[in-house]
Amino acid sequence: MEEQSIMWPDHYPEKCPPVDAEDVSGLVYRFTNRANPKHKDFLSYYELKPDEDWGDKDCQARGLSVYTTEDDCRAASAAVPALRKKKLCAARLSTKAGVIAPTPSRNNCNHKTLWSLFSAEELSELFVPLETIKVDHA
């Protein structure tokens with residue numbers, strides 16, 4: 001993201017988001033706890049547990065787990081049994097939404113983290129169930 005006067009929250013550690021993060025642009029997928037996502041589905045791990053010691057994942061804990069293709073979502077669901085119980089939602093985000101960077105995990109090499117400039121409430125209004133997107137574009 002261009003070095004503008006972007007103000008990330010004060011609780012972000014130094015060099016977070018990382019310098020290799022790029023402007024987010026296009027369709028982004030996120031697993032949520034319900035078919036119609038609520039703001040709770042877009043709280044970072046840090047926001048859910050601010051007193052937790054996140055160690056070397058300190059910056060990543062401030063972002064949100066996302067994927068950029070349906071194939072990546074299917075691979076994640078196959079590799080992580082807990083994701084099979086979740087619902088898949090998607091949103092078309094513009095560069096004003098924040099930055100994204102690859103954050104591969106042991107189970108999923110295509111995992112990405114989104115550091116959003118939008119609130120959890122705003123994100124919950126942007127993300128819709130995947131089935132809705134498919135119907136809209138049919």
Side-chain angles (χ1 to χ4, degrees):
M1 181 169 257
E2 290 179 24
E3 276 306 313
Q4 306 169 21
S5 58
I6 294 175
M7 298 299 292
W8 297 102
D10 290 339
H11 63 78
Y12 274 39
E14 191 174 327
K15 297 182 182 171
C16 184
V19 294
D20 64 342
E22 298 179 351
D23 288 336
V24 65
S25 181
L27 210 50
V28 175
Y29 301 85
R30 177 160 170 81
F31 286 98
T32 59
N33 290 318
R34 53 198 61 80
N36 293 309
K38 305 258 186 255
H39 84 280
K40 294 177 189 178
D41 292 304
F42 299 94
L43 294 173
S44 68
Y45 285 128
Y46 175 83
E47 290 169 306
L48 293 169
K49 296 181 180 182
D51 296 325
E52 184 92 11
D53 178 3
W54 297 103
D56 65 347
K57 302 279 187 194
D58 203 26
C59 180
Q60 192 173 334
R62 266 73 172 178
L64 298 173
S65 294
V66 296
Y67 299 89
T68 54
T69 71
E70 281 188 65
D71 286 343
D72 291 347
C73 296
R74 280 191 282 279
S77 183
V80 182
L83 292 179
R84 293 179 204 143
K85 297 176 185 174
K86 304 268 186 181
K87 305 300 180 192
L88 190 57
C89 293
R92 191 165 303 282
L93 299 178
S94 71
T95 57
K96 295 176 184 173
V99 296
I100 193 169
T103 48
S105 68
R106 184 170 44 98
N107 294 330
N108 192 331
C109 62
N110 297 314
H111 179 271
K112 293 185 168 64
T113 298
L114 168 68
W115 291 272
S116 180
L117 293 168
F118 295 156
S119 70
E121 190 67 42
E122 291 169 314
L123 289 171
S124 72
E125 293 171 9
L126 292 172
F127 277 79
V128 297
L130 191 57
E131 297 78 29
T132 305
I133 292 173
K134 289 183 177 188
V135 169
D136 289 347
H137 292 96

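Values reported hereafter were calculated over all heavy atoms of this structure, with side chains retained and with hydrogens, waters and symmetry mates removed.
Residues Val24 and Leu114 have side chains in contact (heavy-atom distance under 4.5 Å, counting atoms from C-beta outward).
When hydrophobic clusters are built by joining Ile, Leu, Val, Met, Phe, Trp and Tyr residues whose side-chain heavy atoms come closer than 4.5 Å, directly or via intermediates, Leu64 is not grouped with Leu43. Hydrophobic clustering of Ile, Leu, Val, Met, Phe, Trp and Tyr side chains at less than 4.5 Å, counting indirect connections, unites Val66 with Leu126. Residues Trp8 and Tyr46 do not share a hydrophobic cluster, clusters being chains of Ile/Leu/Val/Met/Phe/Trp/Tyr side chains in contact below 4.5 Å.
Enclosure of atom CZ in Arg84 by more than 12 non-hydrogen atoms of other residues, nucleotides or ligands within 6.0 angstrom is indicated. Atom OH of Tyr45 sits in a sparse spot, with 12 or fewer heavy atoms from other residues, nucleotides or ligands closer than 6.0 Å. Annotation: Asp53, atom CG; neighbour count of heavy atoms from other residues, nucleotides and ligands within 6.0 Å does not exceed 12.
Summarising the geometry of Ala61 relative to Ser44, their closest heavy-atom pair is O-CB, 3.2 Å, with the distance given to 0.1 Å.
Remark: the Asn33 side chain and the Lys86 side chain contain an N/O donor-acceptor pair separated by less than 3.5 Å. In this model, no donor atom of one side chain and acceptor atom of the other lie less than 3.5 Å apart for Ser105 and Asn108.
Every residue was checked against the ring-ring contact (aromatic ring centres under 6.0 Å, His included) condition with His39, not counting sequence neighbours, and none meets it. Remark: Arg30 engages no residue in a salt bridge (charged side-chain N to carboxylate O under 4.0 Å, His left out) (not counting sequence neighbours). The ring-ring contact (aromatic ring centres under 6.0 Å, His included) test applied to Phe118 returns no partner, not counting sequence neighbours.
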- Query: Given the rule in the side chain to side chain contact (heavy atoms under 4.5 Å, CB included) test, do Phe31 and Ser65 qualify, once you have shown the distances and angles that lead to the verdict?
  - Reply: CA-CA 8 Å; Phe31 286 98; Ser65 294; over 6 Å; no
